Colleague: 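Quick one: this structure, given as structure tokens, is what I'll be asking you about.
If you're wondering where the values come from, they're calculated on a predicted model, not measured in any experiment. A note on names: the letters A, B, ... follow the listed sequences, proteins ahead of strands, and every chain is numbered from 1. Because only heavy atoms are used, hydrogens play no part in the values below, and waters and symmetry mates are left out as well, while side chains stay in.
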Amino acid sequence: MTNMRNILLIAAVLVALVAVPPFLGLGWQNALVNILIASLFALAFNLLSGQAGLLSFGHAAYFGMGAFATLHLMLAIEDGLSFPTPLLPLAGAAMGLLIGVVAGFFATMRSGVYFALVTLAIAELFHSLTPHLQGFFGGESGISSMRMPWQGFVFGTVLEVYYLTLFWVVLSVMALWAYTRTPFGRLTLALRDNEQRVRFLGYNAHTSKVIIFAVSAMFSGVAGGLQAISNETANYALFSSHISAQVVLQTFVGGATIFFGPVVGAVSFTLFAYLVSDLTRSWLFYQGLIFVLVMLFAPTGIGGVVQHHLRNVRRDDWLLLAGPYALAATGGVLIAGAVIYLTETVAVLFGEEYAVQIRNAEGSLPAYEMFGAWWEPFGIATWLVPVVLLAAGGAILVKSRGNILKCWEKMGREVGEGAHEPAAPGVAK
Amino acid sequence: MTRKTTPRTSALQLTDVTKSFGEISVMKGVNLDVEAGERHAVIGPNGAGKSTLFNLISGLFAVSGGDICLNGRSITGLPPHRINRSGLARSFQITNIFHRLSVFENLRIGVLARHGVRFGLFQPVSRMRAINEETVDILERVGLEPRADHLAGDLTYSEQRALEIGMTLTTGADVILLDEPTAGMSREETAKAVELIRSVTEGKTLLMVEHDMSVVFSLCDRVSVLVYGSILATDTPERISANRQVQEAYLGEEAAT
Ligand SMILES: Nc1ncnc2c1ncn2[C@@H]1O[C@H](COP(=O)(O)OP(=O)(O)O)[C@@H](O)[C@H]1O
Ligand SMILES: [Mg+2]
């Protein structure tokens, strides 16, 4: 039953991924390419952090090296090397694997915090060295190349790049899924649970962890290679801690304990960036806020909450839950409105433009425009809006929380650790 | 008693094994000879160094001095996984299992290792028939087949102890070390555990730490008494309990309390 449902769901997603993009605009096609790449990167990362319990803070290194290797292969093709363009991501895979073996060998000598710090240091090493290495990394400006046509494929349009990306991402995701069902995939989970016991069962734990690290780095390299093909350029910024941090945030918001959880996070974050970054400069702040809220109230991530509901809520239960959930959503929207209002107000009042206006108004605080209306900095209405929103939203949330708890009680099941009570995240060590 | 009369060979031989943690000397020259096929108990007061002895034999700690031989070959200084592959498996005093894996998977990890499938990446484990059948076999021997699909962390304490014993069987080792397998069990649970240990160690060599003298009497061929890091005596359970020195050092102490 559930198996059939999963297969149908996956088939539907695949059909949509193949059939829909030709009807989308360039912006959306580009966004989809980025979503696919981010999804693969997050899944590769989660093989290490979620399944093996080794939290890496430096996965940008393998992503970035995959991108540079792919670009160098593209440059070689430009110079006449005959290599099929569609196989370019193999360069990313090979480089990711290579760097992963070396970095993994050292990083996995430690575990927990020390492992995380070593991975962070390795990525920082790349980030600080590469701007000075003209040859391979092209210094600060990086390197660029062009996609060369191959057979009938020109790779001149975003759509062609999209399909190439889709092919590689689907292939890689299938490989990563198959991995979880192999003996080594099961050993990966055992290592997360109890590394010491694994040793006394005849396994060399260090070697095993190096292999896991290298596989994760290899698929990160494929993702980086796909990014290089899409952007046709790469520079040292690929190694920045921002990229390492993004994949951590995406994975945990999506849910590290579920195979497809990281995809949920990658899709949400990439979409969020695409849709919101044009609207407000505070979008990174909102992103951080979402991360904090998810970790506080749903530590198993969005995927964890969804999975908990799929497992525990029967069809007729939804009638019971729909009301309280809608109420909670209303409360959430009101509070979100208040937070956005306050954030944007602060952004205006402490922004550069407004500082100029204050100077022009000789020290008094002039009215400002926001959300298509004019607001007085000391106006009652200006501050009444967020206070009312917060109070109403807060009251509604408190009320609906009680209702939701009662519903779960009535259904005779426990409120999931994913739903409301904090629990140790999947990678706790 | 089922003493073997065939020529005795040592399964495990410790010669002048010492261990100190910093200034503190915990093992003061231990000599111990465990014969192939016997069931051998180590008794001794708390803090005598019994668990440390197991940790030295199994490679968790490096010895400070001396030599340890398994089936005639030195295993001194080898890492735990090499010692396991040489034919020695152990359980832990504090339950040491994979809490978030199913009982079946807990056992299968070891079976995979025994078959040398340590880095299997190209075939789903569900299709490996020999391995899955062997796992079921061990599952049945330790009486956990009704619990096969439960998370190991959800088992009762005594079930977890049985799983611990099962895990020592999976890698095919012929020398088994059990550290206080019946500690914390009720009388009935202990009786069941004793029968389990007796049946699964048939034809193997067993070295176990045990506090309960009645368990030692019913299960073991010989007993070694460890007191403050040295072996006081090694003999049959009957003669050990009649031994004056032992009574003073250990049994008397217990009887008095
Ligand atoms: N890793 C260690 N570091 C320092 N001292 C230890 C360590 N392990 C054991 N000890 C000490 O060794 C002595 C023997 O402990 P142990 O072998 O656990 O005794 P037993 O199992 O006989 O009760 C104790 O005094 C204990 O504190
Ligand atoms: Mg002990």
Colleague: Please determine whether side chain to side chain contact (heavy atoms under 4.5 Å, CB included) holds for the pair R85(B) and N204(A), giving the CA-CA distance in whole Å, both sets of side-chain angles, and the decisive distance to 0.1 Å.
Modeller: CA-CA 11 Å; R85(B) 288 182 211 169; N204(A) 185 333; 4.3 Å; yes
Colleague: Looking at F200(A), is R90(B) sitting on its ring face, NZ or CZ under 6.0 Å from the six-membered ring centre and within 45 degrees of the normal?
Modeller: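 Judged by the rule (NZ or CZ under 6.0 Å from the ring centre, within 45° of its axis), R90(B) counts as positioned above F200(A).
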Colleague: In this structure, which one of L121(B), I131(B), V125(B) forms a side chain to side chain contact (heavy atoms under 4.5 Å, CB included) with P183(A)?
Modeller: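 That would be V125(B).
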Colleague: Judged by atom type as modelled, is there a donor-acceptor pair below 3.5 Å linking the side chain of D193(A) to the main-chain atoms of R100(B)?
Modeller: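 At least one qualifying donor-acceptor pair exists.
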Colleague: Does OH belonging to Y114(A) count more than 12 external heavy atoms closer than 6.0 Å?
Modeller: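 Not buried by this count: 12 neighbours or fewer within 6.0 Å.
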Colleague: If I measure from the heavy atoms of chain A, does M128(B) come under 4.5 Å with its side chain, its backbone, both, or neither?
Modeller: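 The side chain, not the backbone.
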Colleague: Looking at T168(B), L112(B), T170(B), which makes the most heavy-atom pairs under 4.5 Å with chain A?
Modeller: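 Among T168(B), L112(B), T170(B), the one with the most close pairs to chain A is L112(B).
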Colleague: Show the numbers, then the answer: is there a side chain to side chain contact (heavy atoms under 4.5 Å, CB included) between N194(A) and I97(B)?
Modeller: CA-CA 7 Å; N194(A) 189 343; I97(B) 55 182; 5.7 Å; no
Colleague: With rounding to the nearest 0.5 Å, note down the distance linking CZ in F122(B) to OG1 in T182(A).
Modeller: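 F122(B) atom CZ to T182(A) atom OG1 measures 9.0 Å (nearest 0.5 Å).
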Colleague: Is a side-chain N or O of Y203(A) found less than 3.5 angstrom from the main chain of G110(B), in a donor-acceptor match?
Modeller: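 The answer is no, because no donor-acceptor pair under 3.5 Å joins these two groups.
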Colleague: For atom CZ of R110(A), decide whether the heavy atoms of other residues, nucleotides or ligands shown that lie under 6.0 angstrom number more than 12.
Modeller: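 Not more than 12 within 6.0 Å, no.
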Colleague: Between S208(A) and F119(B), what is the shortest heavy-atom contact and its length?
Modeller: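 Scanning both residues, the minimum pair turns out to be OG-CE2, 3.7 Å.
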Colleague: Counting heavy-atom pairs under 4.5 Å with chain A, which one of T171(B), L101(B), I109(B) comes out on top?
Modeller: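 Option with the greatest count: I109(B).
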Colleague: CZ of R186(A) to CD of E105(B): how many Å apart, nearest 0.5 Å?
Modeller: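 If we round to the nearest 0.5 Å, R186(A):CZ and E105(B):CD are 4.0 Å apart.
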Colleague: If I measure from the heavy atoms of chain B, does A178(A) come under 4.5 Å with its side chain, its backbone, both, or neither?
Modeller: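 Interface part for A178(A): neither.
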Colleague: If we only count heavy atoms from C-beta on, is the R108(B) to L187(A) side-chain gap below 4.5 Å?
Modeller: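 The answer is no; the side chains never approach within 4.5 Å.
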Colleague: For I94(B), look at atom CD1 and say whether over 12 heavy atoms of other residues, nucleotides or ligands are found less than 6.0 Å away.
Modeller: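 Counting neighbours around CD1 of I94(B), 12 or fewer heavy atoms of other residues, nucleotides or ligands fall under 6.0 Å, so no.
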Colleague: Can you tell me how far the CD atom of E164(B) sits from the CZ atom of R197(A), to the nearest 0.5 Å?
Modeller: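 Answer for the CD-CZ pair, E164(B) versus R197(A), is 4.5 Å.
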Colleague: Measuring from H81(B):NE2 to L201(A):CG, what's the distance to the nearest 0.5 Å?
Modeller: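 If we round to the nearest 0.5 Å, H81(B):NE2 and L201(A):CG are 12.5 Å apart.
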Colleague: With a 4.5 Å heavy-atom cut-off, do F92(B) and Q196(A) have their side chains touching?
Modeller: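 Counting from C-beta outward, F92(B) and Q196(A) do come under 4.5 Å.
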Colleague: When rounded to the nearest 0.5 angstrom, what distance separates CZ in R181(A) from CD in Q123(B)?
Modeller: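 Atom-to-atom, R181(A):CZ and Q123(B):CD are 13.0 Å apart.
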Colleague: Would you say CZ of R82(B) has more than 12 non-hydrogen atoms from neighbouring residues, nucleotides or ligands within 6.0 angstrom?
Modeller: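 Atom CZ in R82(B) is not packed in, count stays at 12 or less.
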